[in-house]
Visitor: 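This is the structure I have questions about; it appears just below.
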There are 2 protein chains.
Amino acid sequence: MRVSLKDVAAHAGVSVKTVSNVVNKYQHVTPATREKVQRAIDALGYRPNLTARHLRKGRTGIIALAVPELGNPYFAELAGAVVDAAAAHDYTVLLDHTQGSRERELLVTQGFRARVIDGLILNPLELEAEDLAARTDDAPLVLIGERRYDLPHDHIAIDNIAAARTAVRHLLDLGRRRIAFLGARGDRPSQPSHLRLLGWQAELAASGVTADEALVAPVEGWDRADGAAGMAALLDAGHRPDAVFAYNDLIAIGAMRVMSERGLRVPEDVAVVGFDDLTEGRYGAVTLTTVAPDKQAIARLAVESIVERLAGEGGVGATRRLHPGFALMERESTLGRRPAN
Amino acid sequence: MRVSLKDVAAHAGVSVKTVSNVVNKYQHVTPATREKVQRAIDALGYRPNLTARHLRKGRTGIIALAVPELGNPYFAELAGAVVDAAAAHDYTVLLDHTQGSRERELLVTQGFRARVIDGLILNPLELEAEDLAARTDDAPLVLIGERRYDLPHDHIAIDNIAAARTAVRHLLDLGRRRIAFLGARGDRPSQPSHLRLLGWQAELAASGVTADEALVAPVEGWDRADGAAGMAALLDAGHRPDAVFAYNDLIAIGAMRVMSERGLRVPEDVAVVGFDDLTEGRYGAVTLTTVAPDKQAIARLAVESIVERLAGEGGVGATRRLHPGFALMERESTLGRRPAN
DNA sequence: ACCCTTGCTTCCAACGTTATACAAGACGGA
DNA sequence: TCCGTCTTGTATAACGTTGGAAGCAAGGGT
């Protein structure tokens, strides 16, 4: 049997609203009354019903996070960070994954669990700008991830072009010249890996190295198996890169496995740089050099964006494009194993 | 501006309840009325307010999942499976992680987001039986994971003892005799890794192999770094196992990294078996032999347990102990690399 | 023609909470 | 003494939804 404000009020001999006032720490309550009510609350074990409170106040205290795939450690780690960041603002996280399907991404933007959420953090892969423009739900939406849209929603993402250039710069500094980009996908200019590919091109161009388009290797997806298949295809086609810049760590890991099977040494024959800084990359036989986006910052900024827009009662403040930091983690896949270690 | 049943009713020229009836697919509504209402719904873009519905019906359509750590791929993959299983029953998943802290686990059982959830799936690590017994919240609770409690809650977990025995059996069949167990923790008989340790002991005993307690190696946590530290300590103590059965894949991966650094070959010098079948284990330089719990089944059974108890209007049906299947995935860390592959 | 049934719709109340308006008393200043 | 102001508590009305009862036609049996 549930105990409500009414029960507490009856038990304490005051009105329902007075109990509500005590619960909500309303200022003007005599200490005597307050204590009397508190005693009744403790005696009955009263817990507020958040659903009713939310119906009344119009807020649920829940924000949704929609990522492509929880099985991808990057998104899992990010989800963990979002849960923590949300908790800091007394929000809880409702989770969904879109499996990288445009349809599911669309569904999520059109009102994930209709009205139970105060805001939505979405990492789109396939969604197009017109899909987002057609959105009717009015809960604040924050976009994260590499894709960019020219739309009135906050967007949180590291500077992907600069990050990619840093990775390629590192490989160039090591003397590599035939640097493959592993992770192209589709022909659209807005393909998900667009920016990192641009960074690859830009840094090569800036260094006067001819970008060999044959070294832009496509993948079918973003997982280890896709990286393995993509790398195998590249090698089967007769190409011999001396370095690989992978779209993400999973692809890099799959590629390294294939190289290991074929007797290619990392980094002696082929240096590898990934992207995401998964914990996984720090424990392989060859630890992975990678670009580390600041996941905590991404999560924190995304949550704060929603909290602020909710507090701001509507369109206060212009759309923001925030760029958390990143760092290049130099490890064995480019430097080789340190003898001292 | 939000549109409610009232708005739709006014627009369609019928009562609020009739609109509600249409929305809920109530049988006795004339096709004409139904269509008229439907048109109004479409015109106004009405979406039901789940908070209000919940207040009235007592259900939210949300189940919570609390796991120790989302950064652990096992839990991330499991969370993904739970999201999918829940979606099959029109439920959405609210996520939290407990960081393996007893306090946070306790908080979660005592009414995660007070009353907004219909049920809770919890994977406890540190929680004690008395904590669970003291629980006041009456939403259905399903436990998953290795730890067992003699309490009236459904529990979904593979047969950990049998699974551990299978793993050890595999190592024995390969001729290994000095098999370490890497992943003991604390002295409590109810320590989290209890059952797998029991399985290790049982299978050794059944095979007439003396269990060397010096080969039961402790770890500080469940991640790769803990496995690395535990393995290093074991080796530093002068022990030379010819096989390692690790509590989970992450520990096994950490241990393999340490062995690689020290020039020990896997599996020639030391064979390794893990537990969880993380995708990660399939792409290392040495792929990992591991026990694969049926994660889809665990997720499905956990969700179904909650759905059934909610449908059953209270204590219908006795407490269940369900054991989804598992399989031993034999890979390079015990078999060596196949030349053909 | 009457009543009874059946089918559809409406009205009302309730879920537990908080906002608003207001009442009752206390207090200080003129 | 009286009036305004401040403090504290109460009564009532919402928030959006659904369950149950009641209303109201139309149709069939007698």
Side-chain angles (χ1 to χ4, degrees), chain A residues 1-38 40-41 44-62 111 113-118 137-139 313, chain B residues 1-38 40-41 44-62 111 113-118 137-139 313:
Chain A
M1 199 50 189
R2 314 230 129 141
V3 31
S4 74
L5 278 187
K6 192 156 59 174
D7 304 318
V8 176
H11 190 273
V14 297
S15 81
V16 171
K17 186 65 211 295
T18 300
V19 180
S20 171
N21 285 339
V22 171
V23 171
N24 292 289
K25 308 196 201 310
Y26 180 65
Q27 280 195 341
H28 302 301
V29 180
T30 3
T33 312
R34 185 182 302 278
E35 189 174 349
K36 185 171 58 179
V37 170
Q38 190 57 51
I41 288 176
L44 298 178
Y46 168 77
R47 309 276 304 276
N49 181 325
L50 294 194
T51 304
R53 177 178 292 172
H54 296 152
L55 175 59
R56 183 61 233 223
K57 308 228 296 187
R59 296 279 168 78
T60 59
I62 297 177
R113 296 303 289 176
R115 307 241 178 107
V116 292
I117 61 159
D118 290 345
D137 202 76
D138 54 358
E313 296 291 343
Chain B
M1 199 54 186
R2 313 230 130 142
V3 31
S4 74
L5 279 186
K6 193 157 58 174
D7 304 318
V8 176
H11 191 271
V14 296
S15 81
V16 171
K17 186 66 205 296
T18 299
V19 181
S20 170
N21 285 338
V22 171
V23 171
N24 292 287
K25 306 195 203 309
Y26 180 66
Q27 281 195 341
H28 304 300
V29 180
T30 16
T33 310
R34 184 182 303 279
E35 189 175 348
K36 185 171 58 181
V37 171
Q38 189 57 53
I41 288 176
L44 299 178
Y46 168 77
R47 309 283 303 278
N49 180 325
L50 293 196
T51 304
R53 178 179 291 173
H54 166 51
L55 178 59
R56 184 61 234 236
K57 309 227 299 185
R59 295 281 166 76
T60 58
I62 297 177
R113 297 301 294 176
R115 307 234 184 113
V116 293
I117 61 159
D118 289 347
D137 203 74
D138 56 357
E313 295 293 344

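Naming: A, B, ... by sequence-line order, numbering from 1 per chain. Not measured: the values here are computed from a predicted model.
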Visitor: Would you say A:N49 reaches C:dC15's phosphate, i.e. side-chain N/O to OP1/OP2 under 4.0 Å?
Guide: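 Looking at the OP1 and OP2 atoms of C:dC15, neither is under 4.0 Å from any side-chain N or O of A:N49.
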Visitor: If you compare all heavy atoms of B:L55 against all heavy atoms of A:A52, which two are closest, and at what distance to 0.1 Å?
Guide: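 B:L55 and A:A52 have their closest heavy atoms at CD1-CB, 3.8 Å.
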Visitor: D:dT18, OP1 or OP2 - any side-chain N/O from B:S20 closer than 4.0 Å?
Guide: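 Answer is yes, contact under 4.0 Å.
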Visitor: Under 4.5 Å between any side-chain heavy atoms of B:T18 and B:K36, yes or no?
Guide: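 The answer is no, as the side chains (C-beta and beyond) never meet within the 4.5 Å cut-off.
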Visitor: Whole angstroms only, please: what is the NE2-P distance between B:H28 and C:dT5?
Guide: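 To the nearest whole Å, that distance equals 17 Å.
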Visitor: What's the NZ-P distance between A:K57 and D:dG16, to the nearest Å?
Guide: 16 Å
Visitor: Do A:V37 and A:N21 have side chains that approach each other closer than 4.5 Å (heavy atoms only, starting at C-beta)?
Guide: no
Visitor: In whole Å, what is the span from the NZ atom of A:K6 to the P atom of C:dT17?
Guide: 10 Å
Visitor: Do A:R56 and C:dA19 have a side chain to base donor-acceptor pair shorter than 3.5 Å?
Guide: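 When only heavy-atom distances are counted, A:R56 does not reach the base of C:dA19 through any donor-acceptor pair under 3.5 Å.
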Visitor: Please report the distance, rounded to the nearest Å, between CG in B:L55 and P in C:dC15.
Guide: 9 Å
Visitor: Measuring to OP1 and OP2 of C:dT18, would you say a side-chain N or O of A:N21 lies under 4.0 angstrom away?
Guide: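 So the side-chain polar atoms of A:N21 never come under 4.0 Å of the phosphate oxygens OP1 or OP2 of C:dT18.
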Visitor: Would one find a side-chain N or O of B:Y26 under 4.0 angstrom from OP1 or OP2 of C:dG7?
Guide: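 For B:Y26, the contact criterion (side-chain N or O under 4.0 Å from OP1 or OP2 of C:dG7) is not met.
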Visitor: Please report the closest heavy-atom contact between B:R34 and B:V29, naming both atoms and the distance.
Guide: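 Heavy-atom minimum between the residues: NH2-CB, 3.6 Å.
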Visitor: Give a yes/no answer on whether the side chain of A:T30 brings an N or O atom under 4.0 Å of OP1 or OP2 in D:dG9.
Guide: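 Looking at the OP1 and OP2 atoms of D:dG9, one of them is under 4.0 Å from a side-chain N or O of A:T30.
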Visitor: Return the 5'-most residue of the pair A:K17, A:Q27 with respect to DNA chain D, ranking by each residue's nearest nucleotide.
Guide: A:Q27
Visitor: Roughly, in whole Å, what's the span from CZ in B:R59 to C1' in C:dC15?
Guide: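 Value for this atom pair: 14 Å.
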Visitor: When rounded to the nearest 0.5 angstrom, what distance separates OG1 in A:T60 from CG in B:L50?
Guide: 10.5 Å
Visitor: Report yes if at least one side-chain N or O of A:R53 is closer than 4.0 Å to OP1 or OP2 of C:dT18; otherwise report no.
Guide: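 It does, given that an N or O in the side chain of A:R53 lies less than 4.0 Å from OP1 or OP2 of C:dT18.
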Visitor: Which angle, to the nearest 10 degrees, lies between the helix axes at the two ends of the helix from C:dA1-D:dT30 to C:dA30-D:dT1, each defined by five pairs?
Guide: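 Axis-to-axis angle, ends of the helix: 60°.
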Visitor: As a test of reading the structure: which of D:dT10, C:dC15, C:dG16 is closest to the side chain of A:V14, going by heavy atoms?
Guide: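 The nucleotide sitting nearest to the side chain is D:dT10.
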Visitor: Tell me: OH of B:Y46 to P of D:dG16, nearest whole Å?
Guide: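 So the OH-P distance, B:Y46 to D:dG16, works out to 10 Å.
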Visitor: From CG of B:D7 over to P of D:dC15, roughly how many Å is that when rounded to an integer?
Guide: 10 Å
Visitor: Return whichever of A:V23 or B:V29 has its heavy-atom-nearest nucleotide of DNA chain C closer to the 5' end.
Guide: B:V29
Visitor: Please list, pair by pair, any protein nitrogen or oxygen found under 3.5 Å from a nitrogen or oxygen in nucleotides 22-27 of chain D.
Guide:
none

Visitor: Taking the side chain of A:S4 as heavy atoms from C-beta outward, which of D:dT17, C:dG16, D:dT7 is closest to it?
Guide: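 So the nucleotide nearest the side chain must be C:dG16.
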Visitor: Are side-chain heavy atoms of A:L5 and A:Y46 found at a separation under 4.5 Å?
Guide: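 They are in side-chain contact.
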Visitor: In whole angstroms, how far is the P atom of D:dG16 from the NE2 atom of B:H54?
Guide: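 From B:H54 NE2 to D:dG16 P: 17 Å.
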Visitor: So, is A:S15 close to the D:dA11 phosphate, meaning a side-chain N or O under 4.0 Å from OP1 or OP2?
Guide: no
Visitor: So do A:S20 and A:N24 actually touch side chain to side chain, heavy atoms under 4.5 Å?
Guide: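 Yes, at least one pair of side-chain atoms sits under 4.5 Å.
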Visitor: Got a donor-acceptor contact below 3.5 angstrom from the B:D118 side chain to the B:R59 backbone?
Guide: no
Visitor: Within a strict 4.5 Å, meaning less than it, do heavy atoms of the A:I41 and A:V23 side chains meet?
Guide: yes
Visitor: Can you tell me if B:T30 uses its side chain to pair, donor with acceptor, with the backbone of B:A32 under 3.5 Å?
Guide: no
Visitor: Identify which nucleotide among C:dT18, C:dG16, C:dT9 has an atom closest to any side-chain atom of A:L5, counting heavy atoms from C-beta outward.
Guide: C:dT18
Visitor: Does a donor on one side chain and an acceptor on the other come within less than 3.5 Å for B:H54 and A:T51?
Guide: yes
